[in-house]
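Just so you know, these numbers use all the heavy atoms, side chains as well, and skip hydrogens, waters and symmetry mates. Because the structure is predicted, anything quoted here is derived from the model rather than measured.
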Amino acid sequence: MLLMSVVCLLLTSLLVSAGDPEVTVTRVENLPNRLFYFDDTPVVLFHDPVKLTVMRSPDEGKTWSSISGPREGEAIRLVDHPHNNKMAFIIGRDTTHWVTYNQGDSWQSFETPREASLGASILSFHAEQDGWILFQGRACEDTGKGKWGGGRTCWDETYYTKDAFRTEPQLLLSQTSQCLFARSSPAFVNAPEALIFCVAFDQSNKSGGMHNFKESRLFSSEDWFENKKFVDLGIGKRARGVVGLGVVSKFMVAALKVSEGDGIKRAGGGDPMHLYVSTDGKEWRQTQFPHSALPDLKENAYTVVESTTHSIAVDILTSPSANIGTLFVSSSEGTYFVEALPDTNRNDYGIVDFEQLVGLEGVGIANVVSNREEVVGWGEDKKIKSKITYDDGSSWRFLKAPPTDMNGDDWVCNRDDIESCSLHVHSVTSPHNIGRVFSSTAPGYVMAVGSVGNSLLPYDECDTFLSTDAGLTWKMVQEGAHKYEFGDQGSVLVIVNDEEATDNVKYSYDGGNTWSQLDLGVTVKGLVLTTIPDSTSQKFLLIGTLPRRDSGKGGRHALIFLDFAPVQNRQCTDSDFERWYARSEEGNECLMGHKQWYQRRKLDAKCYVGHKFEDPIGHEENCACTDEDYECDFNYVRQDGECVPVGPEPVPAGTCNKPDDKYLGSSGYRKIPGNTCENRSDKAKDSPIMKECSSARPQEGKVSHVTHEFTSLITQHQYFAGSQTILLQLSDGTVWQSSNEGFSWKQLYEQENFLGVQMHPFASERGYLLTDTKKIYHTTDYGRSWNVITAPEMPNNLGIPIIDFHPTKPDWIIYTGSNNCEDTLSTKCRAVAYYSTDHGRRWKKIEEYVRNCAWARDARLKIDEREIICESYKNKKGSQLGADYNPLELIAGADYYSKKIKLFDAVVGFASFSEYLLVAQLNELAGTLSLQVSLDGYHFSEGQFPPSMRIENRAYTILESSTDSVFLHVTMNSDTNKEWGNIFKSNSNGTYYNLAVEHVNRNTAGYVDFEKMLGLDGIAVINIVANPAEADISGKKKIQSRITHNDGGTWKPMNPPAKDSLGQTYDCQSTSCSLQIHGYTERRDPKATYSSPSAVGLMLAVGNVGEELAAYTDSDVFLTRDGGFTWEEVHKDAHIWEFGDSGSILVLVNDEEATDHILYTTDEGLTWNEYVFGQTLRIKTIQTVPDDTSRRFLLIGNIPGKSDKSILVHLDFSAITNIKCQLSIEDPNHDDFQLWSPSEGREENCLFGRQTMYHRRIRDRNCYVGEKVDQPKTIVRNCTCTPADFECEFNYRRDASGNCVLVDGALPLSIDTEYEQCDGNTDYWYERTEYRKIPYSSCEGGERPDRGKRHECPGLVLRGGLGGLFWGSIAMIPFAFAGLAGWYYWTKGSRPGAIQLGEHRAFGDDSPAAGILSVIASVPIFLIAVTQEAWSWVTRKVPFLDDLFASRTPYRTVPIDDDAEILGNYEDD
């Protein structure tokens, strides 16, 4: 019975003639915040958010009545059952709730032990067992600790029912934030039926109900948590900080928020979100995005958008200030993501303009921002363009504009130019109706509000468009913006004016060709137009608001029922239908191996479809298999379109008993899971093939090799860091690629002549092949595919870096080409620089007559990211190569060089890295140099040196340092073959430089014998000239080695071993005998460093025991395992070396003469094995992946007497053991690693005032390490200060007795340090002395020779103290570079030879050497779902709704719409 007096309803039936649609108006006082249809039924429920009541309609909205059960004010929330169309739930205010088992006809109350949680996911459902439901409740207890005497502590608990609350629910788990069934999605079928996952916290902590996200872990159970299992996601104890969990189609995803202490590289300013994926709830894989997706981002920067059953689509926010992202699509297993669409449009809440078309696999519409650069740079309004994909994001195209507008007039733009004249549509980020934006189950029907032109117009300036072929073609069907809905499988279309109040709707039965008008009898502002979720009914529901003058009795809002069934009296027969193929565009008919087609009503048929509640059936017609239907098989990788093996293939048991046998092995391909294509050829692409046993994987314990002969010399080799891909450049201009660490090779683009190979130093998946034309080949996926950039000029041959890369924006590049330089006699030859912010799609000119242009910003130099700095010739005329003096000005240009400021009138060079911008200023009148340093790119300070050692007329090199101070080598003797200099070390702010060590050896090219140890801070090795005066006359240097363990505070000879590798004592036995080693200046391969980033404490070197360094050919191989404190000789004769598998394999090869074998050890030199590779070669270098974690190596050399051709030998040690080393932090006494401290038991008990522990493999364990070990770098204790923690203050030097004395003729700095020490938090300041504490030291107490007389600080000082410095490695042109550690990671695998200033970013990083390499294994993994905050934004746009139609939301396949909401319950410290 209708309770008009209670619910204030007024029903008005409008009289209509036969054959006309029927209209029924129901007035209500309040708009609903929840309205849904029970699936495949005519029953609708309506939740009033003001009265907290629920209304029900049994006839699709024609009549309404109050439900039985909860009284007014008791229905807090209405929840439908997503997998049962008879059940729904009403959540009450306390512990009483209601359930219906008959579509709301009757309701039964049930009790829960706790009141409902404040979160969004109160109920979680099982996809198959509809009675299995999880209830999220909130438990509270009084604590008496409140601010006003009271207080409550609250936490969440999860309960379960197996019978849909017919009996009392039972406790599942306490201290949870979220629980769900693994089978919560119908597509997720591989998990056990009863498997449940819970994100839960430490149950002993109930402090205020607040939790730090680090306490959040993932647990699972198959017996309702009678037994609980910790889910480690394959990463062990580090699987904590779980902040999101959900099921997307066939994938389960878990999101981890990773803290800095977990040993994982943080992405700039915030904690990164890591995403893990499982397809069975058992095995988890960390997803891998390209490294370019690692900007400093907000938490809602990662949105899982609609995904198919064979991939996940994730949009990543790449321009936070402008809400612009990039869409990535995963591989079939959900692990590897590739870029699908850049510059996607998003809103503030992470909602992305992307929606798939219902029922059409792989077809979707997205909006992109075409003017990203202007939006980010100058705050311009977004220019939105729409694109469509028919192949699951692999390719995109603009929406084709209709031929004319609805009046037959041409558009103001030219339709033939689709770039500037296409259709653009409003999408998900600006909702104007409920449910899906573009489509329904009506096959092929798509409607949108949009505009034709260069970009999308505002909504109220747009018109309404329709496509009946899935977006291939469009027509304009109404002027102005309208809400729209599909009915009867698309046979009836209904629209209502969305710009102003109206008293009618329009409808069409012929695909929008003609429209009829239906009067409503009332005037309303339409808010929602909807129908049953599958769009198979001819009945619709319009929700609107009446003008205030018409509100009258019954309420101001109206539910208007529209019934179009009377219009058509005849039901369609077979002849009224046609077969319609989805994706009918040429070349795109097949997706996942089949075509899709539907039977649908012909547009001009005068009939109705009927078949209410029956979704249109999609038919599949299998296609013939093509290459697109296959992916690489296990242990194969894609290289330039082909699948190649990662190494020798394991052979089936019982085969390969004889050397000349063959076996049946993988073709390298497998059909993509879920693909239904049919093989119609003689042999399928994935059919096994016969292979030679000689190419198979060797037996366990054996080494294998493959030899490749190239027709010319290898001049350059580059690894893609973090992958198995290598590029080779040969002297004949060819480039070769291997995707399996050199096991096999393929030539790239045989028709091209390549000038060079350049890797992106900040995005390891990107590489560039420079040709002798304007064509540049580039990859953004580690060489799996290559594309072409067209440069604006020919590449320059002026010695200027051709490409400069931005440190945080991978698509931002600067290109420097040349103009009029083809003719060597040209009088107008000049360099011209351009920049691009879209990876070379568009170029804008920067400046002409430049010697270097680069982005000013660096990883830690946090200045304007749009600033460009150029060395620009003052006189811009003539030839840049002319002999006349033309000063180089240094120009800083803000806003992409549009606002120029001259910094210096004359410079020699500049470089930016870490926090600083360094400039070598030329004082033209005096002909001297000065070092200028800036923190902001505009204001500079000059470095200060002792008076007798100024650098005005001397060559200098800034050496690497990562320990809060700068090392600077100044050449004191530059005579050929007599070169040496002094190393100066700065204070912590980089302004004062003091003498650290004298007479350091350098060579004619400017390289210095100075090398920092990788992985351990503060250890460095140098070679000094012990006889500088004598060498100046004789030209023969007497070289000796020195080592420091306190960052240059003191330098000592290196302790020699007691005996050689044969057990014999050394001839030299005096106290002046020490270990001497050959340094960087003699190294044939500058990448062969003493140490390895992944083998902490290990160093290898070639040298001798004596009073001076012997000739290289008279030297032997030495090893240290403790950072250079002690050494042992491990082999006779000089060899070059390489580290593998984090030091578990060391490989030596003779480089004194031709050889046919290598030596290797798996116990760090205790025993050595010989492996013969069968061909006598003169080896030039031995290489492996940059982080030294692989067990595969490359030997590059040539046959003796044939120096014009290179031979490459691929060595594989993978089979020498199959046992993986075990690291157990919980039980360290029963694993394969030991905790080791570089200071343990040595003369210096601490390094930098602290004792630090590292994990390293026990020396004689027969196992391999595999991926790089995350070093905890646990500081056991800070040590008492000793003299080793101090160095001389500015203008002081150590005398023969080791004391700090004033330099002759120098003045000390002021003793007043109040400004430096009184920072507002310090009570006292101390007068300056002749000593200063080493900046990186953390020692406490003990002797403090750096402190003079004590004074009280004068109260609060607002200015802060002086910050520390972290310097990378830079060479100031024309001076060369010597330090290695800072550029090791980026240049290992790059070309040998001089380091030019323009490549400066290759040498620096923002962390110590140990931290530099932590980036290697780090992959940006992220997730965010549609948050509650995002939905609150939508409800402000459509203010009466707080939920979407459960089965019609664009995010309906992402049932994790509140995953991130639990972040609000965390107290992040």
Are the side chains of Leu929 and Leu922 in touch, meaning some heavy atoms are under 4.5 Å apart? yes
Side chain of Ser818, backbone of Arg830: donor and acceptor closer than 3.5 Å? no
With Glu889 as reference, evaluate Lys902, Arg851, Lys900 under the salt bridge (charged side-chain N to carboxylate O under 4.0 Å, His left out) test and give the passing residue. Lys902
Any donor-acceptor N/O pair, Asn797 side chain to Cys821 backbone, under 3.5 Å: no
State, with a plain yes or no, whether a side-chain heavy atom of Leu903 is found less than 4.5 Å away from one of Val919. no
Ser1337 and Asp1285 side chains, donor-acceptor separation under 3.5 Å: yes
Measure across Tyr1292 and Leu1302 and return the closest heavy-atom pair with its distance rounded to 0.1 Å. CD2-N, 3.4 Å
Have Asn1001 and Asn1023 got a donor and an acceptor in their side chains that come within less than 3.5 Å? no
May I ask you to decide if the ring planes of Tyr896 and Tyr835 are parallel, tilted or perpendicular, using 30° and 60° as cut-offs? parallel
Assess whether salt bridge (Lys or Arg N to Asp or Glu O under 4.0 Å) is satisfied between Lys985 and Glu1287, documenting all intermediate values. CA-CA 10 Å; Lys985 184 186 177 186; Glu1287 59 191 6; 2.9 Å; yes
Donor-acceptor contact present, side-chain Asn875 to main-chain Lys877, <3.5 Å: no
Taking all heavy atoms of Tyr849 and all of Cys829, pick out the closest pair and write down the distance. CE2-O, 4.2 Å
Heavy atoms, side chains only, cut-off 4.5 Å: are Gln1076 and Glu1108 in contact? no
Apply the test ring-ring contact (aromatic ring centres under 6.0 Å, His included) to residues Phe762 and Phe805: give CA-CA distance (whole Å), side-chain angles for both, the deciding distance (0.1 Å), then the verdict. CA-CA 8 Å; Phe762 306 106; Phe805 301 96; 7.7 Å; no
The criterion is side chain to side chain donor-acceptor pair (under 3.5 Å); which residues satisfy it with Asn1291, sequence neighbours excluded? none
Any donor-acceptor pair under 3.5 Å linking the side chain of Lys978 with the backbone of Asp1032? yes
Below 4.5 Å, heavy atoms only, C-beta onward: do Ile891 and Ser872 meet side chain to side chain? yes
The single option from Val970, Ile1022, Leu968 that satisfies side-chain contact (heavy atoms from CB on, under 4.5 Å) with Ile983 is Ile1022
Nearest heavy-atom pair of Trp1325 and Cys1318: which atoms, and what distance? CD1-SG, 3.6 Å
So does Asp1295 have more than 12 non-hydrogen atoms from other groups sitting under 6.0 Å from CG? yes
Could you walk me through whether Val1025 and Met972 satisfy the side-chain contact (heavy atoms from CB on, under 4.5 Å) test, starting with their C-alpha distance in whole Å, then the side-chain angles of each, then the deciding distance to 0.1 Å, before giving a yes or no? CA-CA 12 Å; Val1025 179; Met972 308 304 289; over 6 Å; no
Using only heavy-atom distances, determine whether the side chains of Gln880 and Tyr873 contain a donor-acceptor pair under 3.5 Å. no
What is the distance from atom OG1 of Thr928 to atom CD of Gln921, rounded to the nearest 0.5 Å? 8.5 Å
Going by distance alone, is a donor N or O of one side chain under 3.5 Å from an acceptor N or O of the other, for Ser1310 and Asp1312? no
Which is it for Val1021 and Met1013 under the side-chain contact (heavy atoms from CB on, under 4.5 Å) test, yes or no, and what are the steps along the way? CA-CA 8 Å; Val1021 178; Met1013 185 173 189; over 6 Å; no
Could you give me the CA-CA distance, side-chain angles and deciding distance for Arg1002 and Thr971, then say whether side chain to side chain donor-acceptor pair (under 3.5 Å) is met? CA-CA 8 Å; Arg1002 57 154 281 192; Thr971 299; 2.7 Å; yes
Is the closest side-chain heavy-atom distance between Arg1347 and Thr1329 below 4.5 Å? no
Decide ring-ring contact (aromatic ring centres under 6.0 Å, His included) for Phe904 and Phe940; before the verdict, give the C-alpha distance in whole Å, the side-chain angles of both, and the deciding distance to 0.1 Å. CA-CA 10 Å; Phe904 296 99; Phe940 289 81; 4.9 Å; yes
Using only atom types and a distance under 3.5 Å, with no angle test, would you say the side chain of Gln758 pairs donor to acceptor with the backbone of Ile803? yes
Show, in sequence, the C-alpha distance, side-chain angles and deciding distance for Asp1346 and Arg1332, and conclude whether the salt bridge (Lys or Arg N to Asp or Glu O under 4.0 Å) test is met. CA-CA 5 Å; Asp1346 62 326; Arg1332 66 187 180 199; over 6 Å; no
Using the rule given for side-chain contact (heavy atoms from CB on, under 4.5 Å), can you reason through Glu847 versus Lys876, listing the C-alpha separation, both sets of side-chain angles and the distance that settles it, and then say yes or no? CA-CA 10 Å; Glu847 184 74 279; Lys876 297 188 180 301; 3.7 Å; yes
Rounded to the nearest 0.5 Å, how far does CZ of Arg866 lie from OG of Ser898? 9.0 Å
Geometric class of the Tyr768/His760 ring pair [parallel <30°, tilted 30-60°, perpendicular >60°]: tilted
For Thr1004 and Glu979, test the side chains for any donor-to-acceptor distance below 3.5 angstrom and give the result as yes or no. yes
For Arg1042, all residues meeting side chain to side chain donor-acceptor pair (under 3.5 Å), sequence neighbours excluded: Gln1040
Give the minimum heavy-atom separation between Ile814 and Ala854, together with the two atoms involved. CD1-C, 3.6 Å
Side-chain donor/acceptor of Thr1313 to backbone N/O of Tyr1326, under 3.5 Å: yes
Approximate separation, where rounding is to 0.5 Å, of Glu924 CD and Tyr885 OH: 3.5 Å
Could you tell me if the side chain of Ile846 sits less than 4.5 Å from the side chain of Cys870, heavy atoms only? yes
Please name all residues satisfying side chain to side chain donor-acceptor pair (under 3.5 Å) with Lys844, sequence neighbours left out, ordered by chain then number. Glu373, Glu374
Give me the atom names and distance for the closest heavy-atom approach of Thr816 to Ala833. OG1-CB, 3.9 Å
Counting only heavy atoms not in Lys874 (residues, nucleotides, ligands), do more than 12 fall under 6.0 Å from its NZ? no
Any side-chain heavy-atom pair of Glu865 and Trp855 under 4.5 Å: no
With rounding to the nearest 0.5 angstrom, report the CD1 to CD1 distance, Ile802 to Ile813. 12.0 Å
Which pair of heavy atoms, one from Tyr1090 and one from His1078, lies closest together, and at what distance? OH-O, 2.8 Å
Taking the side chain as every heavy atom from C-beta outward, state whether Tyr815 and Ser836 have any atom pair closer than 4.5 Å. no
From Phe1290 CZ over to Phe984 CZ, what is the distance, rounded to the nearest 0.5 angstrom? 9.5 Å
Nearest-0.5 Å distance that lies between atom CG in Asn1027 and atom NZ in Lys1036: 7.5 Å
Run through Arg1293, Glu1330, Arg1294 and flag the one making a side-chain contact (heavy atoms from CB on, under 4.5 Å) with Cys1288. Arg1294
Ser930 vs Asn923, side-chain contact (heavy atoms from CB on, under 4.5 Å): CA-CA, chis, key distance, verdict: CA-CA 8 Å; Ser930 62; Asn923 305 306; 4.1 Å; yes
